[in-house]
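Starting from 1, each residue takes its place in the sequence as its number. As the structure lists them, so they are numbered: ligands from 1, and atoms in each ligand from 1.
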Amino acid sequence: MRNRGDAGVEILLEGEEPKIQSFLRDLKEKKPPLTRIYGIIKTPLTGKNQHAKFTIYKSSEATELSGSVIPPDVAICNDCLQELRDPKDPRHNYFFITCTNCGPRFTIIERLPYDRENTTMREFPMCSFCQQEYSDPLNRRFHAQTVACPTCGPEAYLTTSSGEHVKHDDPVREAGRLLSEGAVLAVKGYGGFHVAASATRDEPLQRLRRAKHRRAKPFAIMARSIEAARGFAEVTSKEQTLLESYARPIVLLNKSDAYSLSRFVAPDLHNVGVMLPYTGLHYMLFDRVDDAAFVMTSANPPSQPIVKDNYEALKTLGETVDYFLFHNRKIAYRCDDSVLRVHGTRQSFIRRSRGYAPAPLMLNQKARRCVVGLGGELNNTACVLLGNKAFVSQHVGDVENVETRSFLQEATSHLIRLTNSRVDAVACDLHPKFTTTHLARELAEHNGWRLIQVQHHHAHVAALMMEHAVDELVGVVCDGYGYGVDGGAWGGEILFCTRESEGFKRLGHLEPQPLLGGDTATRYPLRIAAGMLSKTVDVEPWLLEHSEFLLHGETEAKLVLQQLEKGVGITETTSCGRVLDAVSAVLGVCYERTYEGEPAIKLESAAIKGKEVLNMEPIIEGGVLCTSQMLQRVFENAGKLSVADLAYSAHAYLARGLASLAVEKALEQGVGAVGFSGGAACNQILAEVMRGTVEAAGLRFLVHELVPAGDGGVSFGQAVVGGFFKV
Ligand SMILES: [Zn+2]
Ligand SMILES: [Zn+2]
Ligand SMILES: [Zn+2]
């Protein structure tokens, strides 16, 4: 047997035909839990009795084939967990216990083939005990590249915020005790550092919010067990399956009536992001304490990637935390936790990263060229499309500065190298000023690749089409902002896309609404509400009454009113996000956006227990869904009807309106399906109401299940347009 650096495992079998057949059957049926068999290619050979025993040959350097599958990180398995707890086991209480079925993969691999010397485990030569397990074909650690024990493997240690060692014979459990008592710690994991704190005490969380400049953005938590999670959240069986899967993502769970964690964990939201421990170290943190959960949030300075190196951690987190729980194994590639939520029984990715990336999405056909997609600007990923595999990178984040730009470059070139791809084209957004567009131009010029620019919402729909293997689709795309083909700010779009024609047709959109002061309006949604309302009501008294929620109070309110009157300094947008923001401000749910999507996210939380009270018929004129009258109705009823019911009714109006418009267009085009994409497609109410309308019309309703509906899926969509569509 030989592990080929390129595209799989080569096995030479010698024996009688029935025995060979039964081996091939066993290969499929009795494979280890993590094994994915993408295909078996059989080549008959002649020869006799040349092989007396089973031998594994050194991995070949051969690289004539490409498209290797790089395994994602895998949570600790039950066998390892049992050994961790067994006083007689040599790895009893060893924080970095792993085997062939579990442990870090993507984050330790520097190059292929996946052998120990090509990983950051190279620095830990195996002791004789580990070596013996590694060489025994019957052992669970046979050829486990991460095998290690307390004698030969990585060590964990505790330091103060300035890096001085804190002597303790059990640093991991001591770290757990410190957390429980109210200390803030940076904890090194597989793909980077978490900042951890008690989930029930207010003080450390307030301190953390001040230090991280995160006034309201929810923190993810790690629950000690599924039972502990049930103590404060509702867990459906689908959610449990995801939480316990070896990818161990963060799953957004509805808070239960018994929710008693600190109000600073997930302020004003109906749900909370929960994950289960995924390393030996995580389990040990909970051993000596009673805490049901700890806050475990990615350690990244504002708009920078997650911290992964010890020195970098000391430098950037020293002022935020009281202690560091380090280990001395290097992280080759950073990788944030994944985030999912469940709509009914369907999973919806908010972030696809650790545990999933960069395992490829297997497509139903081969792309005609190898394309790299660089994504958009926010919540970004990169994608390498090669043959019938799409390798979507880990979460890169907002590509706005030097650090995130170089992380994107690094993640992209690492993917190209690992997959041994010969790239033909690079795809990027249509926006002329995005960092990713500049980067794409540079790469195209430097490498002689073709440059393919793809409109933002076209990329969203293309991703959805490829996920469901359909050749044409009417897609509803709802998000915050995308650069339109006319240079306008789009974000509530109905597009007809086919693989056979270049580009797409924009068949409908939301009513263009005034955006007073561009980015300032996005930050203070009162400005959007004032602009929208000014079309139908006298907005002056209301705006002046609420002027305290603008940055410069009354002065600013008066300026806004002047602008509206004169029509200066106003751009327009069809964004769905902005309409939700306006409703959020009118209902007093959120007046300031301190994190991406905050007013709309909080509006969904406010609406989750609401019901339809306005029952507004969608007003559609010439392919445009009007939103002014809807906001006017919400405005007139604010204070009379409940916030929950009005928030729900606004959602229902938008979803029903867009869906019926999309259905009408689909029937006109003779298309059997309507899709829903964009960041707002993670919104459960919008998705459910839209599904109801589309399915009632007898059409299929398609949503994302493999890539994020938000901008984490854009790089994949761009690559799809470049590799499968007519361009
Ligand atoms: Zn294991
Ligand atoms: Zn060892
Ligand atoms: Zn988008």
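A side-chain donor-acceptor contact under 3.5 Å links Ser338 to the backbone of Ser353. Thr381 places no side-chain N or O within 3.5 Å of a backbone atom of His395 that could act as its donor or acceptor partner.
Between Tyr483 and His456, the gap from one ring centroid to the other reaches at least 6.0 Å. A ring-centre distance under 6.0 Å is found for Tyr356 and Phe349. Less than 6.0 angstrom separates the ring centroid of Tyr278 from the ring centroid of His282.
Residues Pro432 and Arg441 are not in side-chain contact: their nearest non-hydrogen atoms beyond the backbone lie 4.5 Å or more apart. Counting only heavy atoms from C-beta outward, the side chains of Arg354 and Pro72 never approach each other to under 4.5 Å. Within the 4.5 Å cutoff, no side-chain heavy atoms of Leu325 are placed close to those of Lys188. Side-chain contact between His92 and Glu83 is absent, with no heavy atoms from C-beta onward closer than 4.5 Å.
Protein N/O/S atoms closer than 2.8 Å to the Zn ion (ligand 2): Cys127 SG, Cys130 SG, Cys149 SG, Cys152 SG. Below the 2.8 Å limit, the Zn ion (ligand 1) has as protein N, O or S neighbours Cys77 SG, Cys80 SG, Cys99 SG, Cys102 SG. For the Zn ion (ligand 3), the neighbouring protein N/O/S atoms at less than 2.8 Å, given as residue and atom, are His456 NE2, His460 NE2, Asp479 OD2, Asp711 OD1.
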Does the pair Ser575 and His509 meet the rule for a side chain to side chain contact (heavy atoms under 4.5 Å, CB included), with working shown?
-> CA-CA 9 Å; Ser575 164; His509 53 83; over 6 Å; no
Go through Arg593 and Asp581 one step at a time and tell me if the side chain to side chain contact (heavy atoms under 4.5 Å, CB included) criterion holds.
-> CA-CA 9 Å; Arg593 189 193 69 164; Asp581 289 355; 5.5 Å; no
Show your working on side chain to side chain contact (heavy atoms under 4.5 Å, CB included) between Phe504 and His457 and close with a plain yes or no.
-> CA-CA 10 Å; Phe504 59 90; His457 305 101; over 6 Å; no
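Contacts of Asp398 classified as salt bridge (charged side-chain N to carboxylate O under 4.0 Å, His left out), with partners at least two apart in sequence or in another chain: none.
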